[in-house]
Amino acid sequence: MTTDGALARLIASSADRTAAAEEEACDLCAAPVPDEHAHLYDTERQEVCCACGPCSVLFAQGGAGDGHYRLVPRRRLRLPRVDTEVLGVPVGLVFFVPRTDGTVTAEGPSPAGAMRWDVEAAAWQRLAETCPQLASVAPDVEALLVNTVHGLDHHWIVPIDDCYRMVAVVRREWRGLSGGGRVWSAVERFFEDLTERS
């Protein structure tokens, strides 16, 4: 994953809300896009790109671009508690992304951006057997987002751009070595603001 494109703009804008807002543009045709707009996942660069309405329609069925770009879905689904310990990732704020090639990555936010680990694909399959909704996670563009920090119990299937927004929140609010007092309340607000949608 790189920090170019839409992710870099998202992190930069979240890090400095007082800066003059730049008008966002479609990364394909440069047309202006509204605050609420579609995103595409660039499979070669492993990054999220902004897309205007007409460009996003081109990728709605997955046929355009020979798989280079994939439309990021809007679905959010709150899950009952999922026992992610079987995945072997010892952090409480993390998102798990199944990949098209069958691999699974875990990514957790840090002051420097997202940290990434490889997860055993067989462990993901065993977890999906206990939580059938995980079998429906769209590779590369959706994730299982988990927050069990400070006794919380949030488990969601979300679009990958929501995960990057959460990483941006942590980068924006982190202070000192342990994160300071603001970061965890900001993360809690992020999860409180998530709403289910299809």
Side-chain angles (χ1 to χ4, degrees), residues 1-8 10-11 38-49 59-149 152-171 187 190-191 194 196-198:
M1 180 183 69
T2 64
T3 54
D4 298 332
L7 176 58
L10 178 63
I11 291 171
H39 289 109
L40 300 173
Y41 181 75
D42 184 330
T43 59
E44 291 179 6
R45 299 169 101 183
Q46 296 186 347
E47 67 181 22
V48 172
C49 307
F59 300 93
Q61 299 303 318
D66 197 28
H68 183 129
Y69 294 104
R70 296 194 46 218
L71 184 63
V72 176
R74 294 182 33 84
R75 173 177 77 144
R76 286 189 193 135
L77 177 63
R78 185 162 190 160
L79 300 175
R81 186 177 192 288
V82 178
D83 184 9
T84 56
E85 288 183 20
V86 299
L87 300 177
V89 178
V91 294
L93 182 58
V94 64
F95 55 97
F96 299 93
V97 185
R99 303 292 176 179
T100 306
D101 64 5
T103 62
V104 179
T105 59
E107 300 182 38
S110 77
M115 302 176 297
R116 180 183 262 185
W117 305 269
D118 291 327
V119 172
E120 185 183 329
W124 176 263
Q125 291 302 323
R126 287 192 300 272
L127 185 61
E129 289 170 7
T130 66
C131 180
Q133 295 98 325
L134 294 181
S136 71
V137 174
D140 298 322
V141 293
E142 287 188 313
L144 168 63
L145 177 61
V146 176
N147 181 12
T148 57
V149 176
L152 296 176
D153 199 21
H154 295 284
H155 300 82
W156 289 81
I157 293 174
V158 296
I160 195 70
D161 52 358
D162 277 350
C163 299
Y164 293 154
R165 283 190 314 109
M166 186 266 300
V167 170
V169 167
V170 171
R171 284 193 69 180
V187 168
F190 172 87
F191 277 88
L194 288 179
E196 288 195 286
R197 64 188 186 199
S198 54

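Starting from 1, each residue takes its place in the sequence as its number.
Counting heavy atoms from C-beta on, the side chains of Trp117 and Leu87 never come closer than 4.5 Å. By the 4.5 Å heavy-atom criterion applied to side chains, Phe190 and Leu145 are counted as neighbours. Side chains of Asp42 and His68 form a contact here, defined as non-hydrogen atoms less than 4.5 Å apart. When side chains are defined from C-beta on, Phe96 does not count as touching Val82, because their heavy atoms never get closer than 4.5 Å. The closest side-chain heavy-atom distance from Asn147 to Val187 is below 4.5 Å. Looking at Leu194 and His154, their side chains never come closer than 4.5 Å, going by heavy atoms from C-beta outward. Side-chain contact between Val119 and Val89 is present, with heavy atoms from C-beta onward closer than 4.5 Å.
When all heavy atoms are compared, the tightest approach of Val86 to Asp83 is CG2-O, 3.5 Å. Residues Ala121 and Val104 share a closest heavy-atom pair of CA-CG2, 4.5 Å. His155 and Pro80 get closest at one heavy-atom pair: CB-O, 3.9 Å. Nearest heavy-atom pair, Tyr164 versus Gln46, reported as atom, atom and distance to 0.1 Å: OH-O, 4.4 Å. What you find for Val72 and Pro159 is that their closest heavy atoms are CG1-CB, 3.6 Å. Between Arg76 and Asp162 the shortest heavy-atom distance is NE-OD2, 2.6 Å.
Here the CE atom belonging to Met115 is positioned 10.0 Å from the CD atom belonging to Glu107, to the nearest 0.5 angstrom. Atom CD1 of Ile160 and atom CZ of Phe95 lie 5.0 Å apart (nearest 0.5 Å). From Asp140, atom CG reaches atom CD of Glu142 across 11.0 Å, with rounding to the nearest 0.5 Å. Here the straight-line distance linking atom CG of Asp161 with atom SG of Cys163 works out to 8.0 Å at 0.5 Å rounding.
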Working for side chain to side chain contact (heavy atoms under 4.5 Å, CB included), residues Ile157 and Leu79 = CA-CA 7 Å; Ile157 293 174; Leu79 300 175; 3.9 Å; yes
task = For side chain to side chain contact (heavy atoms under 4.5 Å, CB included), just list the numbers for Glu120 and Arg126, CA-CA rounded to whole Å, side-chain angles, deciding distance to a tenth of an Å, and then say yes or no.
result = CA-CA 10 Å; Glu120 185 183 329; Arg126 287 192 300 272; 4.2 Å; yes
ask   = Can Leu144 and Thr84 be said to form a side chain to side chain contact (heavy atoms under 4.5 Å, CB included), step by step?
value = CA-CA 10 Å; Leu144 168 63; Thr84 56; 4.0 Å; yes
inquiry  = Determine whether Leu93 and Phe191 satisfy the following criterion, side chain to side chain contact (heavy atoms under 4.5 Å, CB included), listing intermediate values before the conclusion.
reply    = CA-CA 11 Å; Leu93 182 58; Phe191 277 88; 3.8 Å; yes
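Partner of Thr103 under the side chain to side chain donor-acceptor pair (under 3.5 Å) criterion, chosen from Thr105, Thr100, Asp101: Asp101.
Within 6.0 Å of CZ in Arg74 there are 12 or fewer heavy atoms belonging to other residues, nucleotides or ligands.
Judged purely by atom type and a 3.5 angstrom limit, Arg171 uses its side chain to pair as donor or acceptor with the backbone of Pro111.
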